[in-house]
Amino acid sequence: MAVIVQKFGGTSVATAEKIRGAASRAVEAKRRGYDVVVVVSARGHKTDELVELAREITSHPRPREMDMLLSTGEQESVALMAMAVHELGAEAISLTGAQIGVLTDTTHTKARIVSISTKRMQELLQAGNIVIAAGFQGVDAEMNITTLGRGGSDTTATALAAVLNAELCEIYTDVEGVFTTDPRLVPEARKVERISYDEMLELASLGAGVMHSRSIEFAKKYRVQLRVRPAYSDGPGTLIAPEPDEVTSVVTGVAFVRNEAMITLVGLPDQPGVMSTLFSSLSAARIPVDMVVQNVAREGTANVSFTVAEDELPAALTVAKATASSLQAEDVVATTGLSKVSVVGHGMQTHTGVAARMFQVVAARGINIRVVTTSEIKISVLIDRSRCNDAVQAAHSGFELDKATSSLPQVGRVSNGHRHGAIDAASPELTADIVSRLDSMESIVVSDITTDTNQSRVTLSNLPDDPGIAEAVFTAIAEGGVLVDMIVQNAARDGQATISFTVPRSDLDCAILLLREVMETYPGSVVTSDRSIGKISVSGIGLRSHTDVGARLFRCLAANSINVEMINTSELKLCVVISADEADLAMTQLRAEFGLGKSG
Ligand code: ASP
Ligand code: MG
């Protein structure tokens with residue numbers, strides 16, 4: 001029989017009445033002929049209350065005891081849910097993570113799933129039960145209770161759907177579905193009918209609160225059809241599924257992380273190994289690095305900036321300071337009070353001017369952009385927190401996300417189809433093959449590593465740190481129809497900003513010409529370029545949240561004395577720009593490092 005997984009979030013099981021409502025959805029699916037597995041979160045604000053209670057006792061609760069404590073929230077919900085199903089005259093049995101057989105690693109409060117045994121669930125389903133599974137929790141090999149991190153019930157649900165080969169995984173929540181942005185902030189935000197895994201992965205990881213980003217990784221890796229739907233009505237919600245062939249909008253959504261902090265290591269020696277040391281230490285502390293920016297070195301020293309969630313700042317700073325002293329950096333600077341706003345969409349791969357448009361709408365509101373990073377399907381800007389709402393609204397209306405279909409005359413389609421340097425995601429077969437070899441369900445899937453040596457780098461330095469700089473630069477470039485690939489704008493030092501980007505080599509001279517006027521507007525600014533660069537892309541799933549991929553990437557490059565000029569990261573791809581002469585060596589070494597055999 002076909003399996004359906006239904007997950008109910010905290011607000012959808014907050015009261016007895018809501019629990020009854022959820023139970024009747026499960027019973028209804030059962031009567032329609034499905035084998036039903038229900039995954040539940042802790043009721044209402046239960047988890048927050050437990051966290052608070054622990055804080056009243058100690059400021060340093062041990063992670064093991066936190067897991068023991070927090071797992072009780074879900075245990076309460078499953079029992080109540082099973083009772084509610086019984087009341088409706090159907091059979092149900094509740095199970096904790098341990099009873100299901102959710103085996104995790106030992107990282108308390110952020111555990112990753114190693115495996116899930118389906119035996120007991122299958123037997124119970126076959127006997128006619130609705131299985132009620134506690135979300136968010138598992139056990140390690142020693143039977144210690146672990147939890148998957150806040151919001152982890154979504155991950156439990158998609159993981160169960162994956163191992164049970166479910167036809168559908170429904171995520172019942174207190175909103176209509178996935179929105180173009182947070183409707184509390186932008187009332188015109190629209191619910192989207194359908195979104196791809198990649199877009200959802202970026203949106204979730206970039207701050208759209210709808211779903212736990214690790215749950216989307218599972219969904220993509222195992223091709224689980226997900227539907228996010230309201231628990232309170234019959235609304236159809238949003239389908240999260242593979243990317244459709246026709247791109248209908250350039251930008252699908254605007255995400256933001258309100259509380260970001262930035263750390264800059266100043267005056268690092270410009271030599272291979274710097275990024276490796278930094279990333280290894282951050283990875284060991286399991287701190288996901290967000291925007292990473294390394295400037296093109298001048299006078300032998302480089303600065304590296306990266307952002308982390310503000311609540312990770314103390315931990316990240318400790319790591320950064322230790323790293324800085326071992327690398328003999330001049331200084332470590334932390335900046336707080338920042339927000340990150342990102343636009344996400346597949347259409348960017350084939351349309352020029354998206355970056356220019358983003359910078360225009362932000363500049364039009366007088367918002368200063370401190371850092372820019374891009375990936376194939378997103379553009380992120382770091383700005384002052386006080387302007388976060390403004391920037392989100394500006395991006396939302398600037399890309400006409402309030403309209404079902406936007407025309408976007410300002411944005412041009414590239415005639416030859418794909419964005420230069422963009423590589424198609426690994427085929428489903430290839431991914432499936434890799435997945436079948438994984439011994440740990442949440443192991444990384446690095447599915448491909450490719451190189452592009454047909455691009456050039458352009459760097460503009462000594463720019464004033466003013467609103468409108470990025471706009472001026474990329475409007476000029478977009479007017480010439482040049483498709484820009486990676487963009488990195490550094491955190492300004494001493495009031496001066498630097499922007500680097502890559503363009504197809506055949507467009508390099510044109511790009512430099514297009515910049516002439518901009519340069520005249522900003523006296524003192526300098527353009528430099530590197531005609532032959534090598535851009536290496538590591539593609540996969542969940543690359544940023546699995547902090548060790550970056551660490552391995554940089555370690556491998558450092559071991560081969562390869563200097564990194566530019567970096568960008570996303571959940572789907574890590575890209576580095578190195579010198580073109582070293583591209584072959586980097587490819588061979590990296591493919592070996594990630595077990596990928598020789599290319600093409
Ligand atoms: N109860 C947990 C939390 O509040 C897990 C979840 O809701 O998904 O984070
Ligand atoms: Mg949740």
Side-chain angles (χ1 to χ4, degrees), residues 5-15 18-19 22 37-55 61 63-81 94-98 100 102 104 107-113 116 132-139 145-162 169-175 178 200-201 203-205 207-219 224 226-232 237 240 257 259 286 288 309 311-312 442 545:
V5 174
Q6 300 184 321
K7 182 254 168 179
F8 295 91
T11 46
S12 312
V13 291
T15 62
K18 287 187 172 173
I19 293 175
V37 174
V38 176
V39 175
V40 268
S41 293
R43 297 188 311 117
H45 297 291
K46 188 82 197 180
T47 311
D48 291 332
E49 285 161 24
L50 293 171
V51 169
E52 186 46 42
L53 203 50
R55 290 246 158 83
R64 183 187 182 281
E65 305 312 327
M66 273 318 267
D67 281 352
M68 183 66 95
L69 178 68
L70 297 193
S71 66
T72 62
E74 272 70 16
Q75 194 169 330
E76 174 188 83
S77 303
V78 285
L80 294 167
M81 181 68 76
S94 63
L95 298 174
T96 63
I100 304 164
V102 176
T104 71
T107 320
H108 283 291
T109 76
K110 297 185 191 174
R112 289 188 173 277
I113 298 174
I116 298 177
I132 319 283
F136 172 59
Q137 53 177 268
V139 279
I145 294 179
T146 53
T147 65
L148 308 180
R150 296 304 305 271
S153 298
D154 291 336
T155 295
T156 307
T158 39
L160 291 184
C169 180
E170 295 180 319
I171 307 288
Y172 285 96
T173 172
D174 55 353
V175 292
V178 178
M200 192 62 207
L201 205 48
L203 283 174
S205 139
V210 199
M211 282 189 77
H212 201 223
S213 62
R214 275 163 58 195
S215 67
I216 320 288
E217 287 175 32
F218 263 105
V224 175
L226 280 174
R227 190 173 276 285
V228 179
R229 8 182 1 179
Y232 52 81
I240 307 174
V257 178
N259 299 321
R286 288 224 171 191
D311 53 9
E312 304 246 35
E442 286 198 79
S545 36

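Counting starts at 1 for both ligands and their atoms, following the listed order.
Each of S77, S41, S215 was scored for a side chain to side chain donor-acceptor pair (under 3.5 Å) with S153, with one residue passing: S41. For the side chain to side chain donor-acceptor pair (under 3.5 Å) with E170, the lone residue among R227, K7, Q6 that qualifies is Q6.
Not counting sequence neighbours, the partners of E76 by the side-chain hydrogen bond (donor to acceptor under 3.5 Å, both in side chains) test are R43.
Remark: the backbone N or O of T107 is not paired with any side-chain donor or acceptor of R286 at under 3.5 angstrom.
Residue contacts with ligand 1 include G152, since one of its heavy atoms falls under 4.0 Å from the ligand. Not close to ligand 1: H212, with no non-hydrogen atom less than 4.0 angstrom away. In this structure, G73 does not count as a contact residue of ligand 1, since none of its heavy atoms falls inside 4.0 Å of the ligand.
Of the polar atoms of G151, at least one N or O is found under 3.5 Å from an N or O of ligand 1, judged by distance alone. Between D154 and ligand 1, no pair of N/O atoms sits closer than 3.5 Å. Considering both main-chain and side-chain atoms, K7 never comes within under 3.5 Å of ligand 1 through any nitrogen or oxygen pair.
In this structure, CD1 in I116 is found 5.0 Å from CG in L160, a value given to the nearest 0.5 Å.
Donor-acceptor pairing under 3.5 Å is recorded for the side chains of D67 and T147.
Atom numbering of ligand 1 starts at 1 in the shown order; those under 4.0 Å from a heavy atom of E74 are 1 (N), 2 (C), 5 (C). Near R150, meaning under 4.0 Å from one of its heavy atoms, ligand 1 places the atoms 3 (C), 4 (O), 9 (O).
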